[in-house]
Amino acid sequence: MTYVNFEPLFDLVTLLLILAPLTLMVLIGFYVRKRGCFLRLLALVALGLALANPVIIDENREPLKSTVAVVVDRSQSQELDKRKQATDEALKALTGYLAGLPQFDVRVVEAGAVDDNNDGNETRLFSSLSNALRDVPPSRIGGAIMLTDGQVHDIPADAQALGFNAPVHSLITGKPDEFDRRIAFNKAPRFGISGKPLQMSFTVTDQGKLPAQDTITNVKIRINGKEVSQQQARIGEETSLTIELPHAGANIIELSTDVLDGEVTGINNQAVAVVDAIRENLRVLLVSGEPHSGERTWRNLLKSDTAVDLVHFTILRPPEKQDGTPIEELSLIVFPTRELFVDKVNDFDLIIFDRYQHLDVLPLLYYDFIAQYVENGGALLVAAGPEYAGYSSIARTPLYSVLPALPTGEVTEKAFYPRLTDAGKRHPVTRGLEGSDQEPPQWSRWFRSIDINTPQGEVVMSGPDNKPLLVLSRVGKGRVGTLLSDQGWLWARGFEGGGPYAPLYRRIAHWLMQEPDLAEEALTAKGDARSLKITRQTMSDKADKATITTPSGKEIELELKETQPGLFETVLETKEVGLYQIKNGDYETLAHVGPVDAPEFTDIISTPDKLTPLAKLTGGNVIRLHEAKNDAVKLPQIVAVKDGKAASGDDWMGLRETADTQLKNVNRLPLFSGFLSLAALLLIFTGLWYREGR
């Protein structure tokens, strides 16, 4: 490129101050018709050129390449029905074709894969496109070509949002005659009440060009991996569902329908909802044998729990005060023994006898009702004091049949630190109690414990001389706990720094009420976007390998490593979304990895429809790689076009060539400087002097 440029010796104001008076003198000379006016004008022009310093510039420029982005969809839907294979074939052919067009700089962008920045919930290609072209000026962007199945979830609403003016083309994988059946929850509450009916709803939807099918399909309902029922559902219509959550905690509700022959995938023929079941307010009966310091500790702890409905009775008259007054006349209110221990005993989730002794307040037959209540699934806690070792002990009633051990009649009165036994270090009720990991434990001493014979069950805490202090046992379908000291209130009062009485008492109560999180033997698993965490709780000192069955049916074995006493864990890193089945010995569980109802698997059929509006706005094109079901991959022709020209046709795609160039070198030729300009000025001024001198 050659052009003339002015590089004045002075700034514009100085030039005007020099040339303006001279120009005025020349004009006056012309006005009065003075001789030599033309020479004066010529001298003025020569002086002006000398001061303006004109220069001929000859630039050598090299055309720049246009940048073209090829965005490759690596989302999970691209793994279906040989779409990945078609994508790889098209990418290889496309990059080879573009390599023959030297005016384009090609950037290949892999997008949509599950990684640390993408949980696989959606296919986001345009954000990756924007990041890939962030360092390129808009004038140098030649366009973009997307290799995708068309299920993209971040398509801009208008072309301006792209940030450049160039065509956006799409090559669509997948076959044009695809069809798919999908089942999804419409109503799936996050929480429910254990043992109560829960209302849900779902819809089975057919998409694409399906062969002739019935309008009704069969749906299987599974809860925590066990099939509980089957239900008929009409295609395309919302169907109601009523289930009952079997236990508190997380429950996995799974719906599945038959996979059709030839459909794209069976992944979305299954719908999963995770519902956390909570119990209705737990009903606890606390019967205190006499007022004492520990009674208030139990009462305050249970009253502070909003999930507990507490019924509390205290026997105010101590046993040594015997004057023959009938027992029914001693009560401030009538003690409703028959109503509590016969008529409504099964309504309670937990019965606590706190330093209670048999004083004929309860007929002996009622203790037998309590024992039956425990064997049928009830929960009993005996918080014992010295009375438990005496002749009025409840261990000398029919209740003895469910108690883990009988008292010896001895009471040990001396200071001791409650300690966790080896079993207690593994048991979820006592494991990890704050202060238990030091010796002596970092909590206060107690001063009394009740001696018992060889207990049945787990001794999780020991007292003086390594004697049992807390015994947890199972009887029939129920559970019994025995705390062989009434000194726990010392921890609550902060004596010698106190101790973790609240977590201990709360865990004991919830274990007795069969809280799943406190089971001694349990297998649990929890999935997130890309990993599966497996936890095995056991009283054993080792755990077998975990066998994991992935949604695709593949089996994986993983070692479980002990992270705490009795707690073994492992983590499986995975990109496969769906329901995983985990087994360990006789235990098995389910967990869902990834979004439960991800948009990635909501619409699975390949389609050009979503990207066509944007392609039209940018002058691009959307073309399928397969024209028919069994066709091989076929690429359209790629053409370089000038700015402002059409960039697409029926079977071709255009990429814009940029007009930007890069400066390589510059040649400068001053026109009025050096000896040439000096000679010209001398010649003109000499001629002017000669003319004026005549």
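Values below: every heavy atom of this structure, side chains too, minus hydrogens, waters and symmetry copies. Numbering starts at 1 and runs along the sequence shown.
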Are [X] and [Y] packed together at the side-chain level, in the sense that at least one heavy-atom pair is separated by less than 4.5 angstrom?
X: Thr658; Y: Gln103; result: no
X: Leu655; Y: Leu98; result: yes
X: Asn346; Y: Asn376; result: no
X: Met146; Y: Leu129; result: yes
X: Ile243; Y: Val228; result: no
X: Arg182; Y: Ile605; result: no
X: Thr524; Y: Thr589; result: no
X: Thr87; Y: Arg74; result: yes

Determine yes or no for a side-chain-to-main-chain donor-acceptor pair under 3.5 angstrom, with [X] supplying the side chain and [Y] the backbone.
X: Thr607; Y: Gly150; result: no
X: Arg479; Y: Met513; result: no
X: Arg222; Y: Ile252; result: no
X: Arg140; Y: Thr67; result: no
X: Gln230; Y: Asn218; result: no
X: Gln78; Y: Asp73; result: yes
X: His153; Y: Arg124; result: no
X: Asn269; Y: Ile183; result: no
X: Asn584; Y: Thr547; result: no
X: Arg624; Y: Gly174; result: yes

With rounding to the nearest 0.5 angstrom, report the [atom1] to [atom2] distance, [X] to [Y].
X: Phe126; Y: Leu614; atom1: CZ; atom2: CG; value: 5.0 Å
X: Leu560; Y: Leu567; atom1: CG; atom2: CG; value: 10.0 Å
X: Phe202; Y: Ile221; atom1: CZ; atom2: CD1; value: 6.0 Å
X: Arg507; Y: Arg431; atom1: CZ; atom2: CZ; value: 8.0 Å
X: Phe185; Y: Leu255; atom1: CZ; atom2: CG; value: 3.5 Å
X: His626; Y: Leu171; atom1: NE2; atom2: CG; value: 11.0 Å

Q) Would Glu569 and Glu562 count as a side-chain contact (heavy atoms from CB on, under 4.5 Å) if you check the C-alpha gap in whole Å, the side-chain angles of each, and the deciding distance to 0.1 Å? A) CA-CA 6 Å; Glu569 295 180 349; Glu562 189 172 27; over 6 Å; no
Within a 6.0 Å radius of atom [atom1] on [X], are there more than 12 heavy atoms belonging to other residues, nucleotides or ligands?
X: Asp586; atom1: CG; result: no
X: Asp650; atom1: CG; result: no
X: Asn165; atom1: CG; result: no
X: Lys610; atom1: NZ; result: yes

Least distance between heavy atoms, [X] atom then [Y] atom:
X: Ser648; Y: Gly620; value: OG-O, 3.4 Å
X: Ala591; Y: Gly527; value: CB-N, 4.3 Å
X: Phe179; Y: Asp261; value: CZ-O, 3.1 Å
X: Leu518; Y: Trp511; value: O-CD1, 3.2 Å
X: Ser128; Y: Ala111; value: OG-CB, 3.3 Å
X: Thr618; Y: Ala166; value: CB-O, 3.6 Å

Q | Intermediate values then yes/no, side-chain contact (heavy atoms from CB on, under 4.5 Å), Leu94 and Ile145 | A | CA-CA 9 Å; Leu94 183 61; Ile145 300 176; 3.8 Å; yes
Q. Is the closest side-chain donor-acceptor distance between Ser201 and Glu238 under 3.5 Å?
A.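 Present: a donor and an acceptor within the cut-off.
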Q.
Whether the Asn268 and Asp180 side chains hold a donor-acceptor pair (N or O, under 3.5 Å, no angle test) is what I'd like checked.
A. yes
Q.
Regarding Lys642 and Glu657, does a basic nitrogen lie under 4.0 Å from an acidic carboxylate oxygen?
A.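 Yes, this pair counts.
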**Q.** N-O pairing of Asp88 and Lys92 below 4.0 Å
**A.**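 No, this pair does not count.
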Q.
So if I apply the side chain to side chain contact (heavy atoms under 4.5 Å, CB included) rule between Leu245 and each of Ile278, Asn224, Asn251, which one comes out positive?
A.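 Testing Leu245 for a side chain to side chain contact (heavy atoms under 4.5 Å, CB included) against Ile278, Asn224, Asn251 leaves exactly one candidate, Asn251.
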Q.
As a quick check of understanding, evaluate side-chain contact (heavy atoms from CB on, under 4.5 Å) for Lys561 and Thr570, giving each step before the final call.
A. CA-CA 6 Å; Lys561 297 181 180 179; Thr570 189; over 6 Å; no
Q: Give the C-alpha distance, both sets of side-chain angles, the deciding distance and a yes or no for side-chain contact (heavy atoms from CB on, under 4.5 Å) between Leu198 and Ile253.
A: CA-CA 11 Å; Leu198 178 69; Ile253 316 302; 5.8 Å; no
